[in-house]
There are 4 protein chains.
Amino acid sequence: MKKEIRGVVPPVVTPLTENHDFDRESYAKLIEHLISGGVDGLFVLGSSSEVVFSTDRRRDEILKAAVEFAKGRVPVLAGVIDTETNRVKEHIKRAADLGVDAVVATAPFYALQTMTEVERHFRLLAEASPVPVWAYDIPVCVHTKLPGDLLLRLGKEGVLAGVKDSSGDDVAFRQLCLDNKDAGHPLSLLTGHEVVVDGAYLSGADGSVPGLGNVDPAGYVRQWQAFQAGDWAKVREEQDRLARLMRIVNVKGVGGFGAGIGSFKTALWLLGIFASNTMPEPVTALSGENVEHVRGVLREVGLLP
Amino acid sequence: MKKEIRGVVPPVVTPLTENHDFDRESYAKLIEHLISGGVDGLFVLGSSSEVVFSTDRRRDEILKAAVEFAKGRVPVLAGVIDTETNRVKEHIKRAADLGVDAVVATAPFYALQTMTEVERHFRLLAEASPVPVWAYDIPVCVHTKLPGDLLLRLGKEGVLAGVKDSSGDDVAFRQLCLDNKDAGHPLSLLTGHEVVVDGAYLSGADGSVPGLGNVDPAGYVRQWQAFQAGDWAKVREEQDRLARLMRIVNVKGVGGFGAGIGSFKTALWLLGIFASNTMPEPVTALSGENVEHVRGVLREVGLLP
Amino acid sequence: MKKEIRGVVPPVVTPLTENHDFDRESYAKLIEHLISGGVDGLFVLGSSSEVVFSTDRRRDEILKAAVEFAKGRVPVLAGVIDTETNRVKEHIKRAADLGVDAVVATAPFYALQTMTEVERHFRLLAEASPVPVWAYDIPVCVHTKLPGDLLLRLGKEGVLAGVKDSSGDDVAFRQLCLDNKDAGHPLSLLTGHEVVVDGAYLSGADGSVPGLGNVDPAGYVRQWQAFQAGDWAKVREEQDRLARLMRIVNVKGVGGFGAGIGSFKTALWLLGIFASNTMPEPVTALSGENVEHVRGVLREVGLLP
Amino acid sequence: MKKEIRGVVPPVVTPLTENHDFDRESYAKLIEHLISGGVDGLFVLGSSSEVVFSTDRRRDEILKAAVEFAKGRVPVLAGVIDTETNRVKEHIKRAADLGVDAVVATAPFYALQTMTEVERHFRLLAEASPVPVWAYDIPVCVHTKLPGDLLLRLGKEGVLAGVKDSSGDDVAFRQLCLDNKDAGHPLSLLTGHEVVVDGAYLSGADGSVPGLGNVDPAGYVRQWQAFQAGDWAKVREEQDRLARLMRIVNVKGVGGFGAGIGSFKTALWLLGIFASNTMPEPVTALSGENVEHVRGVLREVGLLP
């Protein structure tokens with residue numbers, strides 16, 4: 001399965017009960033929703049999965065359930081997000097033991113460092129990992145942008161199998177796609193920018209990791225199929241529709257994670273897939289007119305009657 | 001001409017003699033290069049035109065020459081970049097007197113402000129301007145991102161005629177394009193991101209302002225025409241070629257403006273359009289192996305034999 | 001007068017009439033207020049003087065008046081704030097012609113650059129200037145922090161006569177003071193941090209440039225005299241009082257320059273020194289409860305009965 | 001012991017063997033070095049203690065050893081640094097079980113949030129904690145500045161017992177000290193800025209948490225005693241000496257944590273307190289001329305013969 005991960009790989013949102021327990025039943029429904037929607041893989045314990053809000057025990061619960069519910073139908077990538085090398089290595093060991101197909105690690109964060117340490121970090125992770133290692137480029141969270149030449153070098157040496165790009169730097173992504181192609185395509189390159197996936201496909205992306213794909217996996221799958229067929233008008237049309245759906249995040253008085261994942265969870269709840277839109281502490285769930293806002297957008301794009 | 005500016009509108013680079021005088025002769029050649037390449041307009045005194053390096057006298061020299069050399073064949077937009085309202089208003093008056101078709105202003109910069117002042121700034125500029133006012137969204141220089149809802153509101157009220165988007169925020173740009181379309185298209189929306197113009201066209205851009213278009217205007221014009229014809233494979237192929245050309249900026253030991261505009265000027269010099277690659281003080285021109293690097297890339301993409 | 005500027009050198013706020021004209025009469029009163037308060041110099045056309053809001057004509061009006069009203073009793077330093085070298089050189093020429101004792105320049109801003117250009121910028125300014133050049137370290141406005149080793153090197157070579165430090169980086173300032181002392185004190189080092197001037201004196205500052213010194217020059221002068229006398233309890237006590245006075249800036253619904261300089265102007269108006277608290281476009285003056293807030297603080301610290 | 005923690009409370013650096021094991025023997029020597037130097041408390045598992053590099057098992061080893069070696073002679077504060085509420089609560093439980101006197105938590109990090117979540121985070125931590133909770137204000141690592149009014153409110157309500165300020169925002173710290181005094185001193189306020197501790201004492205700090213205090217605890221203790229005695233000349237003189245000692249961090253080719261903590265560990269090694277200057281992965285230890293640089297500075301300030 002190494003390096004073959006491509007297509008639509010949504011970062012799976014984590015349902016909680018109103019008591020803040022992990023809601024296995026809703027999770028099973030979400031994974032069926034995604035796989036029946038046609039997705040090509042599952043990215044579990046990424047930022048959207050509330051990985052940094054989850055204790056190690058919770059992380060294990062989620063991973064176990066994901067592998068169990070996926071039943072080998074699609075590959076499972078596991079986020080192993082933590083501050084520095086030794087802590088990440090522990091997550092890798094547990095994730096691999098639980099049977100995931102690849103792990104996804106960010107640059108180290110919290111402590112200040114230089115690219116020397118970032119590179120050494122990924123090399124140490126790959127040495128220790130029994131499964132392929134992907135880099136997660138997410139400067140908005142870790143405050144380090146992974147340079148294209150570093151990623152490509154680590155790809156050519158077999159240290160990295162792929163990149164999940166949530167950098168928002170579409171110029172760097174375009175150049176990385178070109179360089180990767182010239183080098184024989186050592187890296188799988190997936191974009192996390194759900195509102196401009198069509199542009200990423202033009203740039204040469206091997207697929208997408210759209211958080212919004214939790215809500216409408218079939219839309220992203222149709223878009224991917226249109227891209228494979230060279231039907232750009234359809235690629236674009238789906239993207240415009242999905243961009244309108246993305247307006248669920250425009251809630252009032254709430255920002256950041258609470259608005260983004262909060263609206264995804266609320267949509268899944270309104271769609272009957274989640275039993276609750278509970279958020280992890282210290283974030284509170286959307287309520288009142290913000291729920292109505294999400295409902296209104298879902299109706300507008302035809303996901304609710 | 002109001003609001004009709006669309007297509008390829010390169011930000012015209014400014015040639016200097018080795019003595020740091022304005023090189024009118026090279027400028028005439030560049031403008032012929034652009035217009036004969038098929039561009040739809042000229043953006044003069046933008047960031048790429050070294051506007052902030054130019055004294056008021058130099059700005060006037062450049063504007064006068066641009067209007068003279070354009071001979072009415074394409075519209076001329078003039079950057080009126082300065083720190084705050086009253087200084088910008090002076091530039092607007094001079095630019096309008098010199099016969100430009102529109103002016104392009106950034107958010108105020110240097111002093112800290114809130115969106116209240118940014119909005120008032122644009123309203124005061126529009127009141128004072130005899131020609132249409134465009135907003136220039138360039139947070140990397142002015143450290144303020146213009147919010148989409150502000151731009152749209154000012155567009156609907158007739159305060160702004162268009163936006164030159166150099167924000168790098170492709171998600172915001174996509175949403176602005178959709179909102180603008182829904183509102184009856186009050187704004188012309190041009191992207192400044194020369195490496196991902198194809199993605200901006202998917203998003204709904206009305207054209208592009210590519211700095212790299214100084215070097216290869218015909219490439220961007222072919223891309224625009226392919227877009228108009230719905231030939232996305234061609235749009236994308238041109239973009240990949242232009243992304244490769246963009247590698248002229250990957251020079252060593254030089255960064256920022258000196259690398260970006262420095263390599264554009266060096267390319268124009270090597271192409272025989274500029275008599276020198278002189279840069280404005282305190283920046284020094286590319287030399288030695290950096291010049292050879294630019295030459296190598298020009299050969300690789302077929303612009304030099 | 002070279003390099004001898006020390007003590008309390010307030011950045012002089014600029015009064016405007018309600019019609020946005022320069023209010024010479026109020027300006028004369030302010031300068032008398034400052035000089036009779038015992039200040040050691042005047043810093044005109046700094047950030048607090050609304051330099052970036054002022055047209056070149058307005059800048060000349062202000063400088064002329066400052067030199068005229070100061071009558072040689074204290075040195076006048078003039079800000080020559082503009083984006084890049086050639087524009088700054090024009091301001092230097094005009095300021096020197098108008099008779100100022102020194103000029104104060106920031107790093108270049110708006111265009112991206114490296115330290116190579118920043119260093120060259122200051123060297124070119126010094127070559128062109130008939131009066132001593134000071135560096136103005138204000139990263140919050142220009143987004144470049146001037147490194148201590150660069151400042152010291154330029155000081156030792158005679159390129160720079162002093163530094164106005166508004167960096168907020170007290171650690172770097174401490175090390176610069178020590179290095180400057182070790183090198184024979186080539187630079188005059190003034191702090192712009194009006195709320196922690198006492199700490200800067202401990203660090204070895206040669207004086208201060210307190211915006212709040214417009215409102216209470218005598219307070220800062222008493223503090224300086226206490227410092228000269230080694231009476232640290234008094235230095236600290238004045239600072240605590242001045243920190244309480246600084247709470248005039250805690251206004252509601254207004255931020256940045258509008259809150260900071262807005263409250264200084266409002267205080268000067270309430271103290272009878274300014275005829276109006278008018279702000280430069282696009283900023284609006286404080287009003288209503290914000291004016292009452294300023295009045296309340298002035299009463300609390302004993303500046304109003 | 002609640003709220004009484006004041007004076008010099010160094011953040012204790014963690015020694016590693018060359019095999020990257022925790023070096024208990026060196027740690028015992030360091031703690032004796034600190035306590036015999038006269039410090040008033042120990043801050044364990046802060047940023048300087050490489051907390052984010054340490055697995056949970058390693059964190060426990062360190063805390064256990066700290067409590068054991070301190071023998072109740074001074075209070076032990078424990079950092080409980082992790083991304084979000086539930087993970088931090090687990091660290092609090094373990095730290096309290098191991099017998100620490102207080103815990104120190106940062107704002108949540110990695111996921112984007114607003115002040116609503118930051119406030120709720122601290123409230124939830126305090127509810128769950130059997131020992132007093134301190135706030136750790138370190139925006140350079142967590143990218144959130146804790147506002148003074150939030151800290152004061154939480155102090156007045158008994159949610160927070162104190163603040164370790166590593167914000168570098170000396171203006172905000174001064175105002176917080178004044179407000180805290182006016183409110184009856186609910187918070188203990190310690191500064192982490194080892195190079196300007198004297199200024200923080202002028203501002204009203206209740207003590208310091210100097211990383212450099214690992215190397216020269218006696219210096220910081222003499223400074224504190226001079227402050228208690230009102231001998232400001234002595235306070236300042238010690239600070240100047242300590243600022244010169246801080247130049248151990250000016251190593252070449254190494255930055256961030258590797259330079260800062262790397263030079264502290266190297267100094268402790270050269271002083272015979274640590275058996276090695278090994279750094280946690282992925283950081284490498286200082287070597288070659290960088291070690292000689294540290295040795296040179298130690299000699300210069302008289303800590304080595």
Side-chain angles (χ1 to χ4, degrees), chain A residues 139-140 145 147-149 165-182 191-205 210-212 223 226-227 229-250 260 300-301, chain B residues 139-140 145 147-149 165-182 191-205 210-212 223 226-227 229-250 260 300-301:
Chain A
V140 73
K145 170 79 185 82
D149 57 351
D165 180 79
S166 296
S167 70
D169 185 340
D170 292 337
V171 171
F173 187 71
R174 180 61 158 261
Q175 296 291 7
L176 177 59
C177 287
L178 281 175
D179 286 334
N180 190 48
K181 190 177 160 191
D182 292 352
T191 179
H193 283 278
E194 62 244 292
V195 174
V196 288
V197 169
D198 55 352
Y201 289 164
L202 278 177
S203 284
L212 190 65
Q223 184 190 35
F227 163 46
D231 182 354
W232 286 101
K234 174 78 175 159
V235 169
R236 186 190 192 187
E237 186 191 319
E238 281 291 350
Q239 188 64 69
D240 276 346
R241 201 184 58 84
L242 291 163
R244 287 178 191 280
L245 174 57
M246 191 66 183
R247 293 175 180 169
I248 56 175
V249 306
N250 298 336
E300 206 183 310
V301 300
Chain B
V140 73
K145 169 78 185 83
D149 57 350
D165 180 80
S166 297
S167 70
D169 185 341
D170 291 337
V171 171
F173 187 71
R174 179 62 158 262
Q175 297 290 8
L176 178 58
C177 287
L178 281 176
D179 286 334
N180 191 48
K181 189 176 162 193
D182 291 352
T191 180
H193 284 277
E194 61 245 291
V195 174
V196 287
V197 169
D198 54 354
Y201 288 163
L202 278 177
S203 284
L212 189 66
Q223 184 189 35
F227 163 47
D231 182 355
W232 285 100
K234 175 77 175 160
V235 169
R236 185 189 191 188
E237 186 190 320
E238 281 291 350
Q239 188 63 68
D240 277 346
R241 202 184 56 84
L242 291 162
R244 288 178 190 281
L245 174 58
M246 191 66 185
R247 293 173 181 172
I248 56 176
V249 307
N250 297 335
E300 205 184 310
V301 301

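Numbered from 1 within each chain, the chains take letters A, B, ... in sequence-line order.
- Only the side chain of B:R174 has a heavy atom closer than 4.5 Å to any heavy atom of chain A.
- Heavy atoms closer than 4.5 Å to chain B are found nowhere in A:D231, neither backbone nor side chain.
- Residues A:Y201 and B:R236 share a closest heavy-atom pair of O-NH2, 3.0 Å.
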### Message
Pair B:Q175, A:N250 - check side-chain contact (heavy atoms from CB on, under 4.5 Å), show working.
### Response
CA-CA 12 Å; B:Q175 297 290 8; A:N250 298 336; over 6 Å; no

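- Contacts of A:D169 with chain B are absent, with no heavy-atom separation under 4.5 Å from either backbone or side chain.
- Most heavy-atom pairs under 4.5 Å with chain A: of the set B:R247, B:K181, B:H193, this distinction falls to B:R247.
- With A:V196 as the fixed residue, the side-chain contact (heavy atoms from CB on, under 4.5 Å) test singles out one of B:D170, B:L202, B:V196: B:D170.
- In this structure, the side chains of A:M246 and B:L178 stay at 4.5 Å or more apart for every pair of heavy atoms.
- Residues A:D182 and B:R244 form a side-chain contact, since some pair of their non-hydrogen atoms from C-beta on lies under 4.5 Å apart.
- Both the backbone and the side chain of A:Q239 come within contact range of chain B, with heavy atoms under 4.5 Å apart.
- Looking at A:F173, neither its backbone nor its side chain comes within 4.5 Å of chain B, counting heavy atoms on both sides.
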